[in-house]
Novice: 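Please find one structure pasted underneath; my questions will follow.
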Amino acid sequence: MTDASLPTPHHLPCTIGDLPVARIAEIAAFAGQRVQIRGWLHNRRSKGKLHFLQLRDGSGIIQAVLFKGDFDEATFARADHLQQESSIVVAGTVRADERAPSGFELQADGLLVVAEAHADYPISPKEHGVAFLMDHRHLWLRSRRQAAILRVRARIVKSIRDFFDSHDYVLVDTPIFTPNACEGTSTLFETDYHDQKAYLSQSGQLYSEATAMALGRVYTFGPTFRAEKSKTRRHLTEFWMVEPEAAFLDLDGVIDLAEDLVCTIAQDVLRDRGPELDLIDSIRSEAEEHRQLKLRREALAAIRKPFIRLDYADAVDQLHELGSDIPFGDDLGGDDETILTQQYDRPIFVRRYPAQVKAFYMKRDPADPVRSLSVDMLAPEGYGEVIGGGQREDDHDTLRAAIEHHKLPMAAFDWYLDLRKYGTVPHGGFGLGLERTVAWVCGLPHVRETIAFPRLMDRLRP
RNA sequence: UCCGACGUAGCUCAGCUGGUAGAGCAGGUGACUGUUAAUCACCGGGUCCCGUGUUCAAGUCACGGCGUCGGAGCCA
């Protein structure tokens with residue numbers, strides 16, 4: 001297998017003898033034992049004949065204590081001059097100690113420097129501006145708060161997948177290249193697809209309607225793309241969305257499903273990521289303090305069934321009482337969503353929006369054709385729209401008329417109309433925006449911190 | 001696309017009615033046997049975003065540009 005013509009890779013030293021390697025997250029299990037921990041130097045303090053190294057291994061941070069008497073002079077002196085983020089291996093005995101930040105510390109007796117970091121590591125322990133941190137996102141992710149957010153995000157993704165898998169929904173991935181501007185609403189990214197135009201998907205929903213007719217219950221979970229020039233704390237140009245779709249699911253069924261999913265997410269995160277939530281709470285910027293967010297454990301504990309259910313008409317009435325001047329028939333603006341959600345400590349479903357503000361495929365309310373069988377879920381504390389969905393138009397001729405009315409290219413929807421020709425059934429689903437959900441669960445001011453490498457209108461790097 | 005704010009050391013910022021540049025952190029040297037964003041002493045570090053103009057004199061005032069941030073619309 002080895003190609004002798006290739007240069008020999010040079011191997012970095014990264015073990016101290018044959019000591020067991022301990023992960024900081026599981027350090028309690030090694031209490032009293034001599035181990036080695038491999039990671040990066042997070043911070044360093046010194047008291048002369050005593051050095052404190054904060055060691056980060058990805059699973060956590062632990063303090064290594066080095067006494068001068070336990071080391072040769074050169075190694076001890078080097079420990080006092082190591083740059084932040086140098087990769088190191090520390091050997092020592094795991095000890096419970098109240099003086100240590102995590103309750104455990106490593107009484108060090110060996111130090112191996114894998115690779116010293118350059119002296120100009122840009123992210124110091126003091127505060128930085130968001131623009132600078134975003135330019136150094138690849139390094140910013142090493143900070144405790146950012147790592148905690150990514151852990152919460154990963155838990156939410158798992159929660160979503162477990163929820164649908166255990167409710168008999170089949171994961172079906174939908175294409176990212178699409179031939180048309182599907183819904184005719186959003187601005188899409190255009191690409192050259194072997195001499196024809198293709199667009200990056202803004203939603204997998206239309207395809208999921210097809211697979212729902214094949215498999216009954218399906219969900220798609222992947223990235224979606226919007227080219228709109230939106231510069232707000234709620235927008236990314238590339239974001240992840242989970243979209244369940246099911247045959248024989250009506251509007252009430254869609255709402256019940258969304259409610260169960262959101263409750264499951266809240267419970268799972270509360271149960272499994274409490275320490276991460278506490279950490280995020282403990283490191284808040286001034287701007288965040290200003291928002292007077294609840295502690296995240298309290299906010300998540302309040303997410304219980306039943307959520308508030310309001311018809312659009314009632315929501316508008318309530319907004320008028322609260323001082324909004326929203327015209328009846330308009331979609332809710334950001335301010336309206338904020339005002340409304342601040343009245344309740346749990347999410348709100350707003351149902352039956354005017355058909356004219358929703359997409360062409362929304363089914364009209366048989367009892368009142370001006371309205372659609374649509375629903376948005378608005379999260380508390382001003383987080384706004386996290387879910388949008390509803391029941392789909394299932395009548396062939398009505399759908400065809402809607403496509404015409406929206407002046408969409410009929411040829412692009414022949415396959416979609418087929419679904420109504422060959423055994424149409426009532427069906428519905430919704431889309432949940434992952435990043436907005438993570439921002440809400442973590443109490444973050446901006447969705448850009450909820451994904452490792454955010455893509456924003458003006459930011460493509462790193 | 002529109003509205004608003006900001007741009008000074010590697011970073012976060014101060015710099016008054018215009019008079020020629022300052023702090024903390026980071027970096028360097030040293031002290032300290034329990035530090036918790038350690039502390040203390042000393043040292044190095046600047047195209048004050050760019051351009052034009054006003055002025056004896058511009059980080060400071062005016063205009064134009066560039067960049068960043070926040071918001072609106074649209075949406076998840």
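Being a predicted model, the structure only gives us computed values, none of them experimental. Every chain is numbered from 1 and lettered A, B, ... according to where its sequence line falls, protein lines coming before strand lines.
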Novice: Given the rule in the side-chain hydrogen bond (donor to acceptor under 3.5 Å, both in side chains) test, do E245(A) and T211(A) qualify, once you have shown the distances and angles that lead to the verdict?
Specialist: CA-CA 9 Å; E245(A) 191 75 28; T211(A) 58; over 6 Å; no
Novice: Base, sugar-phosphate or nothing for N43(A)? Non-hydrogen atoms, less than 4.0 Å.
Specialist: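 Sugar-phosphate contact only - N43(A) comes under 4.0 Å of backbone atoms but never of a base.
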Novice: For G67(B), what is the paired nucleotide under Watson-Crick or G-U wobble rules, both distances under 3.5 Å?
Specialist: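 Pair assignment: G67(B) / C6(B).
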Novice: Among C25(B), G34(B), C69(B), which nucleotide has an atom closest to any side-chain atom of Q107(A)?
Specialist: G34(B)
Novice: How many Å lie between CG on L50(A) and C1' on G34(B), as a whole number?
Specialist: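 Between C1' of G34(B) and CG of L50(A): 6 Å.
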Novice: For the side chain of H81(A), starting at C-beta, report the closest nucleotide among G30(B), G71(B), G34(B).
Specialist: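 It is G30(B).
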Novice: Specify the separation, in whole Å, of atom CZ of F76(A) and atom C1' of A31(B).
Specialist: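 Value for this atom pair: 13 Å.
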Novice: Look through every strand shown and name the nucleotide pairing with C61(B) as Watson-Crick or G-U wobble, where both distances are under 3.5 Å.
Specialist: G53(B)
Novice: Using heavy atoms to find the nearest nucleotide of RNA chain B for S124(A) and G433(A) separately, return the residue whose nucleotide is more 5′.
Specialist: S124(A)
Novice: Atom CZ of F132(A) and atom C1' of C25(B): how far apart are they, to the nearest Å?
Specialist: 12 Å
Novice: CD of E337(A) versus C1' of G73(B): gap in Å, rounded?
Specialist: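 Result: 13 Å.
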Novice: I'd like to know if R95(A) reaches the base of G34(B) with its side chain such that a donor and an acceptor end up less than 3.5 angstrom apart.
Specialist: yes
Novice: Within the structure shown, what part of the strands sits under 4.0 Å from H136(A) by heavy-atom distance: base, sugar-phosphate, or nothing?
Specialist: nothing
Novice: Just call it for H235(A): base, sugar-phosphate, or nothing, with non-hydrogen atoms closer than 4.0 Å on any strand.
Specialist: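 Counting heavy atoms under 4.0 Å across all strands, the contact made by H235(A) includes a base.
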Novice: Quantified in whole Å, what is the P atom distance between nucleotide G4(B) and nucleotide G64(B)?
Specialist: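 It comes out at 13 Å once rounded to the nearest Å.
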Novice: At under 4.0 Å, does any side-chain N or O of Q83(A) touch on OP1 or OP2 of G27(B)?
Specialist: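 Answer is yes, contact under 4.0 Å.
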Novice: Between U17(B) and G59(B), how far apart are the C1' atoms? Round to whole Å, please.
Specialist: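 That atom pair is separated by 16 Å.
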Novice: Tell me which of A131(A) and M457(A) sits closer to the 5' end of RNA chain B, going by the nucleotide each one is nearest to.
Specialist: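 Whichever sits nearer the 5' end wins; that is M457(A).
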Novice: Please report the distance separating the P of U68(B) from the corresponding atom of U8(B), rounded so that it comes out in whole Å.
Specialist: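 After rounding to an integer number of Å, I get 14 Å for this pair.
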Novice: Do the side-chain N and O atoms of T174(A) and T220(A) include a donor-acceptor pair separated by under 3.5 angstrom?
Specialist: yes
Novice: Considering only side-chain heavy atoms of H446(A), which listed nucleotide, A76(B), U35(B), G70(B), is closest?
Specialist: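 Looking only at heavy atoms from C-beta outward on H446(A), the closest nucleotide is G70(B).
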Novice: Taking the same atom, P, in A72(B) and in A57(B), what whole-Å distance lies between them?
Specialist: 46 Å
Novice: Distance check needed: G10(B) C1' versus H118(A) NE2, whole Å only.
Specialist: 15 Å
Novice: Sticking with atom C1', work out how far C48(B) lies from U60(B), rounded to a whole angstrom.
Specialist: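 About 10 Å, rounded to a whole number of Å.
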Novice: Expressed in angstrom and rounded to an integer, what is the separation of D135(A) atom CG from G7(B) atom P?
Specialist: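 That distance rounds to 18 Å.
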Novice: Specify the separation, in whole Å, of atom NZ of K47(A) and atom P of U33(B).
Specialist: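 So the two atoms are 7 Å apart, to the nearest Å.
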Novice: Starting at atom CE of M377(A), determine the distance to atom P of C75(B), rounded to an integer number of angstrom.
Specialist: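 Those two atoms, CE and P, are 18 Å apart.
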Novice: Any side-chain N or O of R44(A) below 4.0 angstrom from OP1/OP2 of A37(B)?
Specialist: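 R44(A) to A37(B) OP1/OP2: no side-chain N or O under 4.0 Å.
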Novice: I want to verify a distance call: between G71(B), C69(B), A76(B), whose nearest atom is closest to the R448(A) side chain?
Specialist: C69(B)
Novice: Mind checking the P distance from A23(B) to U33(B)? Whole angstroms is fine.
Specialist: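 About 30 Å, rounded to a whole number of Å.
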Novice: State plainly whether the residues D162(A) and K158(A) are in salt-bridge range, i.e. N to O under 4.0 Å.
Specialist: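 Salt bridge present between D162(A) and K158(A).
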Novice: If you take all heavy atoms of I176(A) and P223(A), which pair is closest and at what distance?
Specialist: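 Between these two residues, the closest heavy atoms are CD1-CG, 3.9 Å.
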Novice: When you look at CZ of R309(A), are more than 12 heavy atoms from neighbouring residues, nucleotides or ligands closer to it than 6.0 Å?
Specialist: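 Yes, enclosed.
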Novice: Partner of U39(B) by Watson-Crick or G-U wobble geometry, both contacts under 3.5 Å, or none?
Specialist: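 The base-pairing partner of U39(B), which may sit in any strand shown, is A31(B).
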Novice: Which value, in whole Å, describes the distance between the C1' atoms of nucleotides G34(B) and U20(B)?
Specialist: 48 Å
Novice: When you measure from the side-chain N and O atoms of R226(A) to the phosphate of G73(B), is any distance below 4.0 Å, counting only OP1 and OP2?
Specialist: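 For G73(B), neither OP1 nor OP2 has a side-chain N or O of R226(A) closer than 4.0 Å.
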Novice: May I ask which nucleotide in the shown strands pairs with C13(B), Watson-Crick or G-U wobble, both distances under 3.5 Å?
Specialist: G22(B)
Novice: Could you grab the distance from atom CD1 of I61(A) to atom CD of Q54(A), nearest 0.5 Å is fine?
Specialist: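 Output value for this atom pair is 7.5 Å.
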Novice: I want to verify a distance call: between U33(B), U35(B), C75(B), whose nearest atom is closest to the F52(A) side chain?
Specialist: U35(B)
Novice: Apply side-chain contact (heavy atoms from CB on, under 4.5 Å) to residues L378(A) and L332(A) and explain how you reach the verdict.
Specialist: CA-CA 11 Å; L378(A) 309 180; L332(A) 269 48; 4.2 Å; yes
Novice: Which part of the nucleic acid does R144(A) contact within heavy-atom distance under 4.0 Å: base, sugar-phosphate only, or nothing?
Specialist: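 Here R144(A) touches no strand at all.
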Novice: Please tell me if H128(A) has a side-chain N or O lying less than 4.0 Å from either OP1 or OP2 of C13(B).
Specialist: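 Checking H128(A) against C13(B): no side-chain N or O falls below 4.0 Å of OP1 or OP2.
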Novice: What contact category does I387(A) fall into here, base, sugar-phosphate, or nothing, at under 4.0 angstrom with non-hydrogen atoms?
Specialist: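 The answer is sugar-phosphate, as I387(A) gets under 4.0 Å only of primed atoms, P, OP1 or OP2.
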Novice: Check the side chains of Y361(A) and Q205(A) for a donor-acceptor pair under 3.5 angstrom, ignoring hydrogens and angles.
Specialist: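 On atom types as modelled, these side chains qualify, holding a pair under 3.5 Å.
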Novice: Using the P atom as the reference point in each nucleotide, state the distance between A62(B) and G22(B) in Å, no decimals.
Specialist: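 Rounded to whole Å, the distance is 25 Å.
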Novice: Taking atom types as they are modelled, is there a donor-acceptor pair under 3.5 Å from the base of G27(B) to the side chain of Q84(A)?
Specialist: no
Novice: Tell whether R459(A) reaches the base of C69(B) with its side chain through a donor-acceptor pair below 3.5 angstrom.
Specialist: no
Novice: For S46(A), answer base if it contacts any base atom (sugar-phosphate contacts may also be present), sugar-phosphate if it contacts only those atoms, and nothing otherwise; contact means non-hydrogen atoms under 4.0 Å.
Specialist: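 Base contact.
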Novice: Please indicate yes or no: is the ring centre of Y121(A) less than 5.5 Å from the centre of the six-membered base ring of A26(B), with the two planes inclined by under 30 degrees?
Specialist: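 So no, this residue does not stack on that base, at least one cut-off failing.
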Novice: Would you call H235(A) and R436(A) a side-chain contact if the rule is heavy atoms closer than 4.5 Å?
Specialist: yes
Novice: What nucleotide among A76(B), U35(B), G27(B) has an atom nearest to a side-chain atom of R436(A)?
Specialist: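 So the nucleotide nearest the side chain must be A76(B).
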